[in-house]
Enquirer: 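Take a look at the following structure, please.
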Amino acid sequence: MKVKLRDFFASIHILLIIGLVILIVENSFILPAVIVSNFDFLTFIFFAIIATAIMVTYYMYGISEHTLRRTIVIFALVGLILILNSIFVIIQPDIFTFTHNRGVFSGIISVDISMEDRARSIILMVISLLFLIIMLIVVPLKKSSRNSLKYIAVFFIVGMYVLIGYSLYNEIDIYRRIFEQGYIAHIPYPKALFVNQNLFASHLFLGFIFTLYLRSTMGRYKNLMWLVALHFVAFIILTYSKTKILLVGLILLAYLITFIVQNFKKHKVTMLVVTFVIFALVSVVITFYFVPALENTKLGLFLHKFLPDELFKFGSIQSRADIWGVAWSSITHDWRNFFFGQGQYISKLVLGKGASDLDVVVVDTTWGNFHSGYLEIWASLGLVGLLLYFALIIYIIYVDFRILKYNKPFGMFSLIVLGAFLLHSSIESISLLIFNAEGIWHGLPVVVPQLVYYNQIKQEEKRLLNRHGLTKDAVYI
């Protein structure tokens, strides 16, 4: 009982850190149901100090689980990165100017960068680095973390069910219209307490991922979690968020392929039948959807009602490409920005001003949306930061394959959701545990549980080696 309470309160501590960091990095941007004005500088400093104090306390609380040498190395490395970032942020010109030449979207962009902007950038970098240390190093080393992360997953899933209930109660007319008329462009869709349907779909998708995470940690009754997951799938479809529908479809396809491959040797006939039935159903859907002679049948009309042609048109890719072009121009105009970045926060100011002045975006905005996690890291932290980020991804892939040897369900979950995240990050502004709420929340189930489990693997290997008086080279891993 004491252990469960300890793990529960540890999860509350982690949630408090996540909540404070999100409040700080999102204070200038969109939060659920509210567009928050930019904090004045003193308020920003106040919350930054609180978040820093809590994270440092959390680190010091677990200092017994760290070696002094590791602590020194960690803070020396972080200090070096922070010093380099601060230097290049401080020496940014007062008027950041770059040229963009892309057809109709061409011009010279000038962005004023104040000392306050530089200070915000440096402080956000401090917060981000401390948060990464907590989530990538400290949390995985704590014995309570595995259960604490399960509690966090449950909290999030329950919270999303509450939002679904709220949406059904307050947006029942929208759901009724969808079932009666199907998809119609440019009219409201369910958004619950969020400012738009895409943010609602993003959090529903995260609920779906957390459900799959809990399933991967369960035993006999794990497949019951599919019933929970399917609710999230249904409501994601009803938001008509193309990106999230695509990602859910790819994840389900990956699980289906994995299921067939894993069971093919023992149940060859059954798996062949399952494969045939799936191909038959897909063939029927494609036939009735695309063959003109069958479009007006009951099935054809039903498919076009709920899977309209508009759903398969990705015109937003061109809009994203225009934004990527502006971001790339700001990155490549100067070698310092190319290699070391413009700085967190400042990169959003530069993109927002550039995209607005060039009329790349419909609505002028102070802070730009990169619609690419990789491009945002390059703009903010430079090529050096991007290479470090890729190194982290490669390490997580290695960790996932190590996990796969010990725990196939959890290993497969880890590889599938990592692949989905990397694809998601290519078309949305999310990066692993950094920059914004979506990056932090979506990165959590992709990285942290895996590092916790991998640390347990290493501890168990070490314990076995010590018991038998062996060296690590004597054990096949």
Side-chain angles (χ1 to χ4, degrees), residues 4 7-8 11-12 14-15 18 32 146-172 175 178-179 189-194 197-241 243-259 262 274 278 306 407-421 424 438 441-450 452-453:
K4 290 184 178 180
D7 296 349
F8 175 80
S11 67
I12 298 297
I14 295 171
L15 280 173
I18 292 172
R146 195 171 183 185
N147 288 332
S148 297
L149 291 170
K150 291 179 184 178
Y151 282 126
I152 291 173
V154 171
F155 291 154
F156 194 94
I157 291 168
V158 171
M160 288 312 303
Y161 265 91
V162 171
L163 283 177
I164 287 172
Y166 173 89
S167 177
L168 285 171
Y169 181 78
N170 289 278
E171 300 175 310
I172 189 64
Y175 289 104
I178 292 173
F179 284 105
Y189 280 88
K191 61 180 183 179
L193 285 171
F194 297 90
Q197 69 203 60
N198 291 323
L199 273 177
F200 185 31
S202 179
H203 286 76
L204 288 169
F205 177 72
L206 185 55
F208 172 69
I209 297 297
F210 271 127
T211 304
L212 295 182
Y213 162 60
L214 290 179
R215 177 189 175 275
S216 70
T217 64
M218 297 172 66
R220 186 175 180 182
Y221 300 105
K222 64 181 181 181
N223 287 324
L224 290 176
M225 294 304 292
W226 282 115
L227 298 177
V228 179
L230 289 176
H231 289 94
F232 291 119
V233 173
F235 280 91
I236 289 170
I237 292 172
L238 290 172
T239 65
Y240 281 94
S241 174
T243 302
K244 304 308 180 293
I245 292 173
L246 173 64
L247 290 172
V248 166
L250 291 174
I251 289 173
L252 292 176
L253 178 62
Y255 266 98
L256 178 61
I257 293 173
T258 301
F259 172 76
Q262 288 180 343
V274 169
I278 291 170
F306 291 100
N407 186 331
K408 284 189 177 180
F410 186 47
M412 287 308 304
F413 160 80
S414 300
L415 287 168
I416 289 171
V417 297
L418 176 61
F421 184 94
H424 194 185
E438 285 190 277
W441 274 121
H442 283 269
L444 187 67
V446 175
V447 173
V448 185
Q450 290 73 15
V452 170
Y453 192 88

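From a predicted model like this one, the values you see are computed outputs, not experimental measurements.
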Enquirer: Donor-acceptor pairs under 3.5 angstrom involving side-chain atoms of residues 250-259: please list them, not counting sequence neighbours.
Expert:
from	atom 1	to	atom 2	distance (Å)
T258	OG1	A254	O	2.7

Enquirer: With a 3.5 Å distance limit and no angle check, can you tell me whether Q450 reaches the backbone of F410 through a side-chain donor-acceptor pair?
Expert: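 Pair absent, no side-chain N/O of Q450 close to backbone of F410.
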
Enquirer: With rounding to the nearest 0.5 angstrom, report the CG to CG distance, L199 to L193.
Expert: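 It comes to 12.0 Å.
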
Enquirer: Please report the C-alpha distance between L204 and M160 in whole Å, then the side-chain angles of each, then the deciding distance to 0.1 Å, and finally whether the side-chain contact (heavy atoms from CB on, under 4.5 Å) criterion is met.
Expert: CA-CA 7 Å; L204 288 169; M160 288 312 303; 3.8 Å; yes

Enquirer: Report the relative orientation of the aromatic rings in Y213 and F210; use parallel for angles under 30°, tilted for 30 to 60°, perpendicular for over 60°.
Expert: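 Y213 and F210: perpendicular rings.
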
Enquirer: Rounded to the nearest 0.5 Å, what's the gap from CG on L15 to CZ on F155? Could you check?
Expert: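 Rounded to the nearest 0.5 Å, the CG-CZ separation comes to 6.5 Å.
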
Enquirer: Please identify each residue that fulfils ring-ring contact (aromatic ring centres under 6.0 Å, His included) with F421, with sequence neighbours left out.
Expert: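 Per chain and number, F421 pairs via ring-ring contact (aromatic ring centres under 6.0 Å, His included) with no residue.
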
Enquirer: Do F235 and P190 have side chains that get closer than 4.5 Å, going by heavy atoms?
Expert: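 Not in contact.
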
Enquirer: What donor-acceptor contacts under 3.5 angstrom involve side-chain atoms of residues 222-230, with partners at least two apart or in another chain?
Expert:
from	atom 1	to	atom 2	distance (Å)
N223	OD1	R215	NE	3.4
N223	OD1	R215	NH2	2.9

Enquirer: To the nearest 0.5 angstrom, please state how far the CZ atom of F208 sits from the CG atom of L247.
Expert: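 Taking CZ in F208 and CG in L247, the distance rounds to 10.0 Å.
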
Enquirer: Name each donor-acceptor pair under 3.5 Å that joins a side chain in residues 162-170 to protein atoms two or more places apart or in another chain, with its distance.
Expert:
from	atom 1	to	atom 2	distance (Å)
S167	OG	E171	OE1	2.5
S167	OG	Y175	OH	2.7
N170	ND2	Y166	O	3.0

Enquirer: Under the rule for side-chain contact (heavy atoms from CB on, under 4.5 Å), what residues qualify as partners of H231, not counting sequence neighbours?
Expert: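 Partners of H231 by the side-chain contact (heavy atoms from CB on, under 4.5 Å) criterion, ordered by chain and then number, come out as Y161.
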
Enquirer: Measure the CD1-CD1 distance between I152 and I18 for me, rounded to the nearest 0.5 Å.
Expert: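 It is 5.0 Å, given to the nearest 0.5 Å.
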
Enquirer: Please report the shortest heavy-atom distance between P449 and L444, naming the atom on each side.
Expert: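 Of all heavy-atom pairs spanning P449 and L444, the closest is CD-O, 3.0 Å.
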
Enquirer: Mind checking side chain to side chain donor-acceptor pair (under 3.5 Å) for E438 and listing every partner two or more places apart, or none if nothing turns up?
Expert: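 Counting only residues at least two positions away or on another chain, E438 forms a side chain to side chain donor-acceptor pair (under 3.5 Å) with S202.
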
Enquirer: Heavy atoms, side chains only, cut-off 4.5 Å: are S148 and I14 in contact?
Expert: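 S148 vs I14: side chains touch.
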
Enquirer: First locate atom CZ of F413, then atom OG1 of T217, and finally report the distance between them rounded to the nearest 0.5 Å.
Expert: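 Those atoms lie 9.0 Å apart.
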
Enquirer: Parallel, tilted or perpendicular for H424 and H442, by the 30°/60° rule?
Expert: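 Rings of H424 and H442: perpendicular, over 60°.
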
Enquirer: Once side-chain contact (heavy atoms from CB on, under 4.5 Å) is applied, do any residues pair with L415, and if so which ones, sequence neighbours excluded?
Expert: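 In terms of side-chain contact (heavy atoms from CB on, under 4.5 Å), with neighbours along the sequence ignored, L415 is linked to D400, F401, L404.
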
Enquirer: Under the criterion side-chain contact (heavy atoms from CB on, under 4.5 Å), I'd like the reasoning laid out for Y189 against L238: C-alpha separation, chi angles, the key distance, then a yes or no.
Expert: CA-CA 8 Å; Y189 280 88; L238 290 172; over 6 Å; no

Enquirer: Please name the pair of heavy atoms, one in F156 and one in H203, separated by the smallest distance, quoted to 0.1 Å.
Expert: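 Smallest heavy-atom distance, with atoms named: CE2-O, 3.5 Å.
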
Enquirer: Restricting to non-hydrogen atoms, name the atom on I236 and the atom on A201 that form the minimum distance, rounded to 0.1 Å.
Expert: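 In this case the closest contact between I236 and A201 is CG1-O, 4.2 Å.
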
Enquirer: Once rounded to the nearest 0.5 Å, what's the spacing between atom CG of L214 and atom CD1 of I209?
Expert: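 These two atoms lie 12.0 Å from each other.
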
Enquirer: Would you mind reporting whether F232 and T211 have side-chain heavy atoms less than 4.5 Å apart?
Expert: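 SC-SC contact between T211 and F232 confirmed.
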
